[in-house]
Amino acid sequence: MNFYALDAVTVAQQLLGKEIVRRWDNGSVSRYVISETEAYFGEDDKACHASKGKTLRTEIMYSEGGYVYVYLIYGMYWMLNVVTGEKNHPEAVLIRGINDIVGSGKVGRELKLDKSFYGESLISSSRIWIENSLDSHPIKYVSAPRVGVDYAGEKWRNKPWRFILQR
DNA sequence: TGCACGATCTCG
DNA sequence: GAGATCGTGCAT
């Protein structure tokens with residue numbers, strides 16, 4: 001089955017400890033352990049970009065899980081998200097931290113993301129995908145409110161949908 | 001056609 | 001504490 005078709009909160013938790021694999025243009029490969037994630041869940045979630053409906057920018061989130069959703073923030077940082085959930089239910093998981101690099105803007109910069117990654121399939125891409133970590137330690141994490149979503153209103157801004165790997 | 005703003009970071 | 005920097009959505 002498609003792991004990414006699970007709901008965003010579950011995927012956000014399960015991604016912790018897995019590895020993002022990035023193959024560069026010169027053929028070399030880097031691996032990064034996912035250390036912090038955030039879940040965005042559907043049009044009802046006022047903090048989710050899809051809360052404004054389906055647009056050119058958000059339409060990838062309406063696909064079945066397994067695609068990359070990237071967008072530019074503050075004119076300079078590419079944010080990396082993993083589309084999750086069933087087709088026509090827009091959900092995504094924001095990758096906030098990899099290894100000891102914490103901060104979604106820094107993640108995008110480290111991975112050298114750009115607009116061309118929009119819609120990339122994590123199942124079949126040859127330059128970015130996710131693998132289970134070889135070391136199978138039990139994963140421990142803590143939850144916290146999401147960052148930068150004060151505008152989303154009482155109900156949504158307090159959701160503990162930010163997940164931080166504990167080591 | 002224009003404008004305000006954002007799931008941010010760095011520097012001073 | 002402010003500046004960098006630009007695509008997007010919504011108002012004009």
- Query: Is any side-chain nitrogen or oxygen of A/K54 closer than 4.0 Å to OP1 or OP2 of C/dG9?
  - Reply: no
- Message: Could you check whether A/R22 pairs with A/E110 (Lys NZ or Arg NE/NH1/NH2 to Asp/Glu carboxylate O, under 4.0 Å)?
- Response: no
- Indicate yes or no for a side-chain donor-acceptor contact from A/E38 to the backbone of A/R96 under 3.5 Å, with no hydrogens or angles considered. no
- Sugar-phosphate atoms are those with a prime plus P, OP1 and OP2; base atoms are the rest. Using that split, label each nucleotide of nucleotides 3-12 of chain B B, S or - for protein heavy atoms under 4.0 Å, 5' to 3'. ---BBBSS--
- Round to the nearest Å and state the distance from A/L56 atom CG to C/dC10 atom C1'. 16 Å
- Message: Using the side-chain contact (heavy atoms from CB on, under 4.5 Å) criterion, which residues pair with A/V33? Sequence neighbours excluded.
- Response: A/E19, A/N99, A/L165
- Item | A/Y4 side-chain N/O to A/V11 backbone N/O, donor-acceptor pair under 3.5 Å | no
- Just by modelled atom types, is the A/Y69 backbone N or O under 3.5 Å from a matching donor or acceptor in the A/N81 side chain? yes
- Message: When you measure from the side chain of A/S35 to the backbone of A/G97, do you find a donor-acceptor pair of N or O atoms at a distance under 3.5 Å?
- Response: yes
- Message: Run through DNA chain C and report every stem of 3 or more consecutive Watson-Crick or G-U pairs, distances under 3.5 Å, ordered by first number.
- Response: B:1-6 with C:6-11, B:8-11 with C:1-4
- Do A/Y62 and A/E43 meet the criterion of a side-chain donor-acceptor pair at a distance under 3.5 Å? yes
- Query: Would you say the side-chain atoms of A/R109 pair up with the backbone N or O of A/Y77, donor to acceptor, closer than 3.5 Å?
  - Reply: no
